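What you see is a predicted model; the values in this text were computed from it and never measured. Numbers restart at 1 for each chain; the letters A, B, ... are given by sequence-line order, proteins then strands.
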Amino acid sequence: MELCAMIEIKAPVRVRFAPSPTGYLHIGGVRTALFNWLFARHYGGQFILRIEDTDEKRFVAGADDDIMASLRWVGIIWDEGPDIGGPHAPYVQSQRSDQGIYKTYADQLLAAGHAYMSFTTEEELAQLRAEAETKGLKSFRFRGRERDWPLERQRELAATGKPYTIRFKTPLAGETRFSDLVRGANEIVVQHEQLQDLVLIKATGMPVYHFAHLVDDHLMGITHVLRAEEWVPSTPYHVLLYQALAWNLPVFAHLPVILRQDGKGKLSKRKDDVASNRFWERGYLPEAMANYLALQGWSYDDKTELMSLAEIVERFTLDRVQASGARWNPDKLRDMNGIYIRKLPVEVVAERTLPFLVKAGLIADPPTEEERAYVRTLLPLVHERLEELGQAPELLECFFKPVQPGPDGYDPALLIPKKLDAAQTVGFLRAAHATLTAQLDWSAEALEVRLRALGDELGVKPGPLFGTVRVAVSGRTVAPPLFAMLAALGRERSLARVAAAAAALA
RNA sequence: GCCCCCAUAGUCUAGCGGCCUAGGACGUCACCCUUUCAAGGUGAAGAUCGCGGGUUCGAAUCCCGCUGGGGGUACCA
């Protein structure tokens, strides 16, 4: 009961996703954005996109466009953001920093005695840390010596041109507690002695995440902060900062991390193949990705897994978000993608497959009308075999490229069915060639009737006979159904390939 | 090291004190269908609900400890 009361959510809800443009967005980021978006939509609120580019060193030009493309791909649409603006523009922190927004509040904290100018340089800090380490035992918690100086003295030193950071005067004693919707009713308690004097504004004048995000969240009217679990340890700083600024706290909900496939740590860009654009490049459908991602940490009930975005929006609530980490499972994603591909009308799959065939060089760029039509006739043969659209080129290759036995093509040994020899196989192929040459009706149905009859005439089971012809025609043992393949390939090419196969073994 | 979070099959999860002889899905295996491969159908294996204590008539569900895993510990986000 208590839990229900706590998670009752009143509109209007405003949430944000605030990525840092340091590279492409990985799948974990997409998940976090998705949960924010689902939450906003479920409660009829707003979802805001904000670019947090306060890290000048790791900034990657163009990363913001890449990130936005990833979000749009899975169907996330923001109500306010860097590209479309909004009542709280700009939505890019470097621009907001230029406007002096963060400085204003830093000054306010300075004046109120909640912050101070720290003249300790990064090098000195590194040395202090190293010293603390050699002395062993105690962990290093930095408190600047200037924290007790009068503000005037700090200003005088700053006036000499000595570089400084602005640090938060974190309370030395006591504790901070806060609650988290995902982690339930229990409050998280942190002792202040575990904290240190956090940098608010860097020596460059740029704010640090901990400060900038909070100023913006307040200014932008963010009501709920849904972010990944890795932010839990720094939340006490944020709470303290809200209190120092006399601002209302948003509601926190820390989403479970997505763990690597082997379970050893969270997903990382360097070690894991999880860039979101990799998935559309390989032919994942955004609807499948959204569905899978929604299930990484959230569930609807004990049975339902396949849901459209609209259904997920309707059903998404935070009380069904899990606190424990979810391991990245590409097998499950692939399976789900296959289901979504099969659910799509075959003409649509044909259309969506075109770019992959173009990229593989199988058809022209852009595809001609004939090619498009041909792909439409081909797709039913592979539709249900596709788990990634990117597999289409390999499966359809034999319809666009020559197939021949020998060093430049397939291994002729593949033609010979199990327990049979080359001589017998040549017999099959010649018989098949003769039969097919006489065959005028080239429909799959007619071909099937004719070749089954041939099997009876030869006294062979369908398996070996069809298998040989399959290899002759496609160059591989695993291929779409034979008769449809022959029909799609056409009379001439089929006959030529069967003849070439017979010749190779003769 | 210190702090914080988490803990149901290999994986994702359902479960909010009796409906649980623990449900679903991925993966695995078998069988059916079948011209190969898939898809589809049927079924199986796989969880002493991490371990140990409590609380209770009754615990996967509540409490404590332990263990394990994860996260954090930057003038990164």
Remember a base hit wins even if backbone is also touched, and classify A:Thr165 as base, sugar-phosphate or nothing at under 4.0 Å, heavy atoms.
-> base
Report yes if at least one side-chain N or O of A:Arg141 is closer than 4.0 Å to OP1 or OP2 of B:rU73; otherwise report no.
-> no
Between B:rG70 and B:rU48, how far is it from one C1' atom to the other, in whole Å?
-> 26 Å
By ring pair (Phe, Tyr, Trp, His ring centres under 6.0 Å), A:Phe483 pairs with (sequence neighbours left out) A:Phe466
The nucleotide from B:rC26, B:rU13, B:rG70 with an atom nearest the side chain of A:Asp331 is B:rC26
Which value, in whole Å, describes the distance between the C1' atoms of nucleotides B:rC12 and B:rG53?
-> 31 Å
Footprint string (nucleotides 28-51 of chain B, 5' to 3'): B base within contact, S backbone only, - free, heavy atoms under 4.0 Å = -------BBBBSS-----------
For B:rG72, does OP1 or OP2 lie under 4.0 Å from any side-chain N or O of A:Lys266?
-> yes
Could you list all N or O pairs between the protein and nucleotides 20-22 of chain B that sit under 3.5 Å apart?
none

Excluding sequence neighbours, so at least two apart, what forms ring pair (Phe, Tyr, Trp, His ring centres under 6.0 Å) with A:His218?
-> A:Trp247
Set of residues satisfying side-chain hydrogen bond (donor to acceptor under 3.5 Å, both in side chains) with respect to A:Ser234, sequence neighbours excluded = none
Counting only Watson-Crick or G-U wobble pairs whose two distances fall under 3.5 Å, which nucleotide matches B:rG65?
-> B:rC51
Pairwise P distance, B:rA25 and B:rG41 [rounded to whole Å] | 10 Å
Any salt bridge (charged side-chain N to carboxylate O under 4.0 Å, His left out) involving residues 332-341 of chain A? Give me the pairs, sequence neighbours left out, ordered by first then second residue.
-> A:Glu305-A:Lys332, A:Asp331-A:Arg334, A:Arg334-A:Glu388
